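Nothing here was measured: the structure is a model prediction, and the numbers come from that model. In listed order, ligands and their atoms are each counted from 1.
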Amino acid sequence: MEEAKPLNFLEEIVSKDLAQGKHQSILTRFPPEPNGYLHIGHAKSICLNFGLAKRYGGATNLRFDDTNPVTEDTEYVDSIRNDIKWLGFDWVDEFYASDYFDQLYAFAVELIKKGLAYVEDATPEEIAAMKGTPTQPGTNSPCRSRSVEENLDLFERMKNGEFKEGSRTLRAKVDMASPNMQLRDPLMYRIKFAHHHRTGDKWCIYPMYDFAHGQSDAIEHITHSICTLEFSSHRPLYNWFIEQLNLFPSTQYEFARLNLTYTVMSKRKLLQLVNEKHVTGWDDPRMPTISGLRRRGYTPESIRMFCDKIGVAQRENLIDVSLLEFCIREDLNKTALRRMVVFNPLKVVITNWPAGKVDMIESENNPEDETAGTRLVPFSGEIYIEQDDFMENPPSKYFRLGIGNYVRLKAGYIIKAESVIKDEQGNVTEVHCTYEPNSRSGEDTSGIKAKGTLHYVSAAHAIPVTVREYDRLFKVENVAATDDDFRTLLNPDSLTIVENALAEPAFLDDDTNSRYQFMRKGYFTLDKDTEGKNLIFNRTVTLKDGWAKAGN
Ligand code: ATP
Ligand code: MG
């Protein structure tokens, strides 16, 4: 199957580089900034970087791109490590851009000595004004002609904390008239009196992304440095630094970032959702984060399958979240344990059932997987079914329970409704039925054709559970494409809580990591909020794509 798939453009590049002897082996890296939790877009980058290395016998580094001390935190570092491992990948080496701060400083000094970098006195606003526009060249700063000695002195004093934040920067001397705005004397260092999560207060100047990233790649001998399309215009600068410093020739390649319908994918926005409590945290099951998807019940296999299906494009696109849902259904259909849970219970009394009798009916955990074994489902004279599985006066094509209708109870017997009991408002509170003694599942000799099969629980054995039904976090398909504040587009119905649902007792014997198919309901997993016997379930996904069906 793998063989039949055409190579994507990155695989083509790598196989050519290896065939031509440009590299003996390849080394990629995944370079997260530890300023938030990883999301499904990062999963695409992880699958790509680790997948490419794996396929061509190379390796992948994990590098924390921690050049911005203000937003970074070790909580994020730990979660990132954990998420990558959970996805099924392992890195050979773990580095931090901050490991290279001394080396990067030395590179900067080297560029100053070569007359290729200078200390700028202008404010950020003045620098922006001098930058020109894409159609108009920029103007040279008066600082551009500073002597090497003066630049060395000023840069050292920047490092020593002699200047205020924002008062000076170090710039590369490239070309203020370049049609590529990135090359118009880009910033290399800025002053920040901020505590860094790893280097503490050692530094008050920090390298910019453009000065840190390529050099870090080169230091590690990364062969293929893969990033998203918005960095295309940075590539000439990436190459310029490497050439001027005469470093290992790492090469940057760009691919289209993943955008997904009905969600947002920027860490800044996700952080806002967390901080403003629109969600319960980074791992809220509605979040597109890896931790949210995991808590929702997604498997690593399903996420890898998704990343494989979307492939690697060189043009931005918007992927339908139903493809992700398709992948988890595919996986869970093969692995989830089948169970019965009644969300809105209606009592059914079987009037001809022998008093006190309980049948324990052996039933398959998963008909798709023989190795999944069986469980015992109790059947007795008082059971609960779903309220909307009963109609007192059913229309002719009604396949559920109605007066005079036969239905099969899964892992049970065929029953027929005879009469109802109502409260003062006229609501049905109890249905009285008779059962067919010869119709037990697996040994049915009754000859009766039941129209439908319902799920149920035995009243005396049922355990109360809470179910959290999740829906899309946003109301609109392409959140990023609207001008509205994204928070006004949140789906107010993204969470529905079903209290006092009733579940079959087999759950009490299950592993806490189990994933389930609740018969006729969807796929579910146990939530970490569960305490003791009060089981709380998250709906991972419905059984079918309800949105497509509803014409959404
Ligand atoms: P965000 O915009 O969500 O904050 P980022 O690009 O700033 O993302 P990083 O931590 O810098 O986040 O990203 C680490 C790696 O993951 C980078 O190589 C980046 O290109 C890649 N990446 C981030 N978002 C996506 C995405 N939506 N699709 C594919 N790759 C992504
Ligand atoms: Mg980034």
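Contact of the T74 side chain with the R198 side chain is not registered, since no non-hydrogen atoms from C-beta on lie closer than 4.5 Å.
Heavy-atom proximity to atom 6 (O) of ligand 1, evaluated over R257, K44, E33, H39, is greatest for R257.
In this structure, the ring of Y118 has its center no less than 6.0 angstrom from the ring center of F155.
Which parts of ligand 1 touch T228 is read off a 4.0 Å heavy-atom cut-off, strictly below it: atoms 20 (O), 29 (C), 30 (N), 31 (C). Close contacts between ligand 1 and S266 involve ligand atoms 3 (O) [criterion: under 4.0 Å to a heavy atom]. Those atoms of ligand 1 that come under 4.0 Å of a heavy atom in P32, given as number and element, are 10 (O), 14 (C). Near F255, the atoms of ligand 1 lying under 4.0 angstrom from a non-hydrogen atom of the residue are 29 (C), 30 (N). Listed by atom number, the atoms of ligand 1 under 4.0 Å from P31 heavy atoms are 14 (C), 18 (O).
For the pair H42 and ligand 1, the shortest N or O to N or O distance falls below 3.5 Å. Distances between N or O atoms of A256 and those of ligand 1 include no value under 3.5 Å.
The closest donor-acceptor contact from the side chain of D527 to the backbone of D529 lies under 3.5 Å. Side-chain atoms of N538 never come within 3.5 Å of backbone atoms of E469 as a donor-acceptor pair (strictly under, hydrogens ignored). Listed for the K44 side chain is a donor-acceptor partner under 3.5 Å among the backbone atoms of A256.
E33 contributes atom CD, which lies 9.0 Å from atom CG of D66 (distance to the nearest 0.5 angstrom).
Using 4.0 Å as the threshold, F30 has a heavy atom nearer than that to some atom of ligand 1.
Each of I328, L87, D331 was scored for a side chain to side chain contact (heavy atoms under 4.5 Å, CB included) with E301, with one residue passing: D331.
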